[in-house]
Amino acid sequence: MKDHIIQLLQAAVVHLQSQDVLPKTLDFQIQLTHTKSPEHGDYSSNIAMVLAKACGKNPRELAQKIVNAIAPDDQVKKIDIAGPGFINFFVNAATVVDVISNILQEKERFGFDPSRQSYKINIEFVSCNPTGPLHVGHGRNAATGASIANLLLAIGFKVHREYYVNDAGRQMAILATSVWLRYLQSYGASFTFPSNGYKGDYILEIVDALKQQVDDSLIKPIDEVFLNVPADFDETQNSGDKEAHIDAIVSNTQKLLGQDNYDLVFELTLDSILTDIREDLGEFGVEFDEWFSERELLTSGTQQRVLNKLDQLGHIYEQDGARWFRATDFGDDKDRVLQRKNGQFTYFANDVSYHVFKYERGIDKMIDVFGSDHHGYVPRMQAALKALGYSSELGDILDVVLVQFAILYHGEERVQMSTRSGSFVTLRELRQEVGNDAARFFYVMRKADQHLDFDLDLAKSQSADNPVFYIQYAHARICSVYRQLQEQNIVYDEAAGLAVISQLSSSYEQALFRSLASYKDLIERAALAYEPHRLAQYLRDLAHQFHSYYNAQRFIVENGGEMMQARLVLLSAVKQIMVNCLHILGVSAPERM
RNA sequence: GCGCCCGUAGCUCAGAUGGAUAGAGCGUUGGCCUCCGAAGCCAAAGGUCAGAGGUUCGAAUCCCCUCGGGCGCACCA
């Protein structure tokens, strides 16, 4: 319908141009919006005001000329000119019926545009280091990424969801070493645990698993573990170096265990944590199509290939023994090192390779969902892809969604989190406390790049204050109407209802029609802008409209006839849209509560 | 110091590429159940959109400055 009206306007303007009423050299794009208020009709365009200046006419006069030039159309009931020069379209009731019947026919696929099936979008999210359980910060990234992926799927794109597993590098070595140190302690070894080691309780669980597999066969003399190890940082004397300390222990660990046994500890540790993360996310309704291992990337030699390509293109130079990428040529404010003077590739180099890897699999768009504390990283990544000459029909090849931290509250009181003490709140704890539905909803109900005040007490309260319950309650109420129907042996006749649904005329019904009609537009915009919070907003509005309607209107009446059927059809469409929205947000739609 | 994000009702936040009278929820006050789920609804009060300038027919939205907050500025990952 929207496209149809845009065409009408387009044709009218072109017609006026051909009649020399308007200049032929106009550069314009028709904008059409759903109106906020019913008195402004269903759709509104500002085209007359936009073109007024270029045409040397006042907006209302121009609007009148455009309206006169619009061909009569059986879907348009009335066209008004209002305010400073808006052209408002009132749509025939028949088109409202179309929306309802489309929703009921297409169900969960309503809003799906098959023409987008030819585009593949890769979305990478969570991707946190597998060094421990997910905490509440990762939870917001997970909920946001998953909802964006669902949105893109819902409007027709092919979507590939990916988790980048940072399983190479120093942190993982420290982690594996920490496990082994705890293992030694469990057999009575006595020493001070490194301040920079991983101390969480989850390490002890991994130790148990390790012992089941190897018993005491990996025990080594503790003196040798600390042989030639520089002193750890000492807070009281402000001496020592925690980094050098742990690195030396890691090195000794690798020597003492030997490659095979070290690998055994490493793999068992990694596997244990990844399994935990996978289960955690799975329970949270967050699924991935691929878990991509950083180590796989390193063994494939992609970095060298990428470096060579950038070099050939002239975007690399050497300085101080290191190899630099000319990021400043592509909008970054500093050049960046890809290969250090010791020959090692930087994390950035690995990440560029990873993005090349993704690109070469044949995609039209990559999306990275980052914590917003990494926003400084974005320009260099985009610079690298620009330098490689990547482009896409969908605009930039890489879009980055930044997610701000969630701050937890118990009512007024802020929940303190500290990674250092190991006392951070895990995602699992949060889920257990407030439930998956509330967590998924609360995480995305604010714009992703805005701070989120997450009130745990509110999220688990079973009251009207809690938006999740408010929305789910609306859905359950609709379900309840259909249950009542069955109990009273009244037949629901969709066809009969549809036939007369255009006669529903109360303000409640009109409001619901308008909301349903704008749904397609909503998910399209929300998807393309990567803004799932708009769905949360929409859902609340829709639920409110429904509750108002419910309070004012009795649905099941004896001998209700076709008008009763019409109302039931409307409810059915509302229910379907609620289910669709909730599904995209990863929230359940219970039939009773 | 430089860069990015932000400042909207008492509180938490929406405000689509600039559009019509700036909207919700909570909180406050006052109403609505012999009736399909009151976990609901209705009404009232509450605003110089941080401040000042500019662009525009039109600015919460775009540009400049000031003030106030958050986050980044590694041959770490």
Side-chain angles (χ1 to χ4, degrees), chain A residues 29 31 33-37 39-40 44 46 49-50 52-53 58-60 82-86 88 129 131 166 168-172 243 294 319-324 332-334 336-351 371-379 402 404-405 409 412 445-447 449-455 458 461-467 469-470 472-474 476-485 487-488 518 521-522 524-526 528-529 531 533-534 536-538 540-541 543-544 546-557 592-593:
Chain A
Q29 204 179 359
Q31 294 173 18
T33 55
H34 289 275
T35 56
K36 283 182 203 149
S37 144
E39 63 195 89
H40 299 137
S44 177
N46 61 357
M49 292 177 290
V50 173
K53 192 157 193 186
N58 86 53
R60 286 196 68 111
F86 289 101
N88 294 335
N129 292 346
T131 53
N166 286 106
R170 180 165 168 266
Q171 290 306 316
M172 286 305 298
E243 306 292 347
E294 186 186 8
Q319 187 182 306
D320 304 329
R323 306 186 73 192
W324 298 70
D332 197 3
D333 45 2
K334 276 180 194 168
R336 306 291 175 177
V337 171
L338 289 166
Q339 195 169 18
R340 298 178 215 150
K341 65 179 162 206
N342 66 10
Q344 282 201 324
F345 292 100
T346 59
Y347 175 83
F348 174 54
N350 289 350
D351 216 14
S372 64
D373 54 338
H374 287 81
H375 73 259
Y377 188 74
V378 176
L402 297 173
Q404 276 280 10
F405 223 76
Y409 288 86
E412 301 283 302
M445 73 180 177
R446 305 291 179 223
K447 253 206 305 239
D449 64 354
Q450 295 283 77
H451 282 287
L452 172 70
D453 285 342
F454 193 132
D455 186 339
L458 177 62
S461 80
Q462 314 234 329
S463 80
D465 313 354
N466 184 342
F469 276 83
Y470 182 76
Q472 289 180 324
Y473 179 51
R477 262 181 152 180
I478 296 176
C479 293
S480 169
V481 170
Y482 289 94
R483 278 198 299 272
Q484 286 290 326
L485 217 55
E487 279 168 28
Q488 298 180 33
S518 68
D521 212 36
L522 169 89
E524 213 159 88
R525 287 173 182 279
L528 296 176
E531 292 186 343
H533 77 275
R534 294 194 200 179
Q537 214 75 25
Y538 175 86
R540 211 208 292 237
D541 289 346
H544 178 246
F546 163 74
H547 283 308
S548 297
Y549 185 31
Y550 186 93
N551 262 54
Q553 177 70 51
R554 193 169 170 79
F555 297 98
I556 301 174
V557 286
R592 50 180 99 219
M593 302 167 63

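None of the values given here were measured: they were computed from a predicted structure. Below, all heavy atoms of this structure are taken into account, side chains as well, without hydrogens, waters or symmetry copies.
- Between B:C41 and B:G3, the distance separating the two C1' atoms is 50 Å to the nearest Å.
- The main-chain N or O of A:Val337 is found under 3.5 Å from a side-chain atom of A:Thr346 such that the two form a donor-acceptor pair.
- Base-pair partner of B:C26: B:G10 (Watson-Crick or G-U wobble, both distances under 3.5 Å).
- Distance noted for atom C1' between B:C6 and B:G72: 14 Å (whole Å).
- Taking side-chain N and O atoms only, A:Lys447 has a distance below 4.0 Å to OP1 or OP2 of B:G15.
- Stacking annotation: A:His40 is stacked on the base of B:A20 (ring centroids less than 5.5 angstrom apart, interplanar angle below 30 degrees).
- Separating the CZ atom of A:Phe86 from the C1' atom of B:G58 is a distance of 9 Å, rounded to the nearest angstrom.
- Both distances falling under 3.5 Å, in either a Watson-Crick or a G-U wobble arrangement, place B:G72 opposite B:C2.
- Here A:Gln404 does not reach the OP1 or OP2 of B:C71: none of its side-chain N or O atoms lies under 4.0 Å away.
- With P as the reference atom, B:A16 and B:A22 are 15 Å apart, rounded to whole Å.
- Look at A:Arg477 and you'll find a side-chain N or O under 4.0 angstrom from OP1 or OP2 of B:A38.
- Comparing B:C4, B:C5, B:G37 by their closest approach to the side chain of A:His375 singles out B:C4.
- Within the 3.5 Å criterion, the main-chain N or O of A:Ala322 finds no donor-acceptor partner in the side chain of A:Asp320.
- Here B:C75 presents its P atom at 5 Å from CH2 of A:Trp324, a figure rounded to the nearest Å.
- Between A:Gln537 atom CD and B:A24 atom C1' the separation is 7 Å, expressed in whole Å.
- Checking B:C41, B:G15, B:G25 against every side-chain atom of A:His533, the shortest atom distance belongs to B:G15.
- Atom CG of A:Leu452 is separated from atom C1' of B:A14 by 14 Å (rounded to the nearest Å).
- Below the 3.5 angstrom threshold, one finds a donor paired with an acceptor across the side chain of A:Asn88 and the base of B:A20.
- B:C41: Watson-Crick or G-U partner is B:G31, with both key distances under 3.5 Å.
- In a base pair of the Watson-Crick type (N1 to N3 plus N6-O4 or O6-N4) or a G-U wobble (N1-O2 and O6-N3), with each distance short of 3.5 Å, B:C36 is matched with no nucleotide.
- Here B:C35 is the nucleotide among B:C35, B:A14, B:G25 with the atom lying nearest to any side-chain atom of A:Arg554.
- Look at the P atom in both B:G69 and B:U12: the space between them is 16 Å, to the nearest Å.
- With B:U21, B:G15, B:G37 as the choices, the nucleotide that has an atom nearest any side-chain atom of A:Arg483 turns out to be B:G37.
- Looking only at distances, no side-chain donor or acceptor of A:His40 sits under 3.5 Å from a matching main-chain atom of A:Ala82.
- Comparing A:Ala168 and A:Asn551 by the nucleotide of RNA chain B whose heavy atom lies nearest to each, the residue mapping closer to the 5' end is A:Asn551.
- If you take atom C1' in B:C62 and the same atom in B:U56, they sit 10 Å apart, rounded to whole Å.
- In this pair, A:Phe546 and A:Phe555 present their aromatic rings parallel. The plane angle is below 30°, not in the 30 to 60° band.
- Taking atom CZ of residue A:Arg592 and atom C1' of nucleotide B:A39, one finds them 16 Å apart after rounding to whole Å.
- Of the side-chain N and O atoms in A:Tyr550, none sit less than 4.0 angstrom from OP1 or OP2 of B:C33.
- In this structure, CD of A:Gln450 is placed 15 Å from P of B:G70, rounded to the nearest angstrom.
- With the nearest nucleotide of RNA chain B identified for both A:Gln553 and A:Ser44, A:Ser44 has the one nearer the 5' end.
- In this structure, B:C65 is classed as anti because its glycosidic torsion departs from zero by more than 90°.
- The base of B:G19 sits with one of its N or O atoms less than 3.5 Å from a complementary donor or acceptor on the side chain of A:Asn46.
- When distances are taken from the side chain of A:His547 to each of B:G3, B:A14, B:C41, the shortest belongs to B:C41.
- Listed nucleotides: B:A77, B:A39, B:G19. Nearest to the side chain of A:Thr346: B:A77.
- Here the shortest heavy-atom pairing between A:Glu294 and A:Ala168 reads OE1-N, 3.4 Å.
- The side chain of A:Asp453 lies closest to B:U12 when the candidates are B:C6, B:U12, B:G72.
- A:Arg323 places no side-chain N or O within 3.5 Å of a backbone atom of A:Gly343 that could act as its donor or acceptor partner.
- Set against B:A14, B:C36, B:A77, the side chain of A:Ile556 has B:C36 as its closest nucleotide.
- When the P atom of B:A16 is taken as reference, atom OH of A:Tyr538 falls 18 Å away, rounded to whole Å.
- Considering only the side chain of A:Arg525, B:U17 comes nearest among B:U17, B:G37, B:C71.
- Look at CZ on A:Phe348: it is 14 Å from C1' on B:A77, rounded to the nearest Å.
- Closest non-hydrogen pair, A:Gly371 versus A:Leu402, comes out as O-CD2, 4.1 Å.
- Pair assignment for B:G47 gives none, since no Watson-Crick or G-U wobble pairing has each distance under 3.5 Å.
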For side-chain contact (heavy atoms from CB on, under 4.5 Å), just list the numbers for A:Arg592 and A:Arg483, CA-CA rounded to whole Å, side-chain angles, deciding distance to a tenth of an Å, and then say yes or no.
CA-CA 10 Å; A:Arg592 50 180 99 219; A:Arg483 278 198 299 272; 3.0 Å; yes
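- A:Ser548 has a side-chain polar atom (N or O) that falls below the 4.0 Å cut-off from OP1 or OP2 of B:C42.
- Comparing the C1' positions of B:U29 and B:A45 gives a spacing of 8 Å, expressed to the nearest Å.
- The base-pairing partner of B:C62, taking Watson-Crick or G-U wobble contacts with both distances under 3.5 Å, is B:G54.
- The residues A:Arg336 and A:Asp333 are annotated as salt-bridged, a charged nitrogen and a carboxylate oxygen being separated by less than 4.0 angstrom.
- Listed candidates were B:A77, B:G19, B:A74. Nearest to the side chain of A:Lys334 is B:A74.
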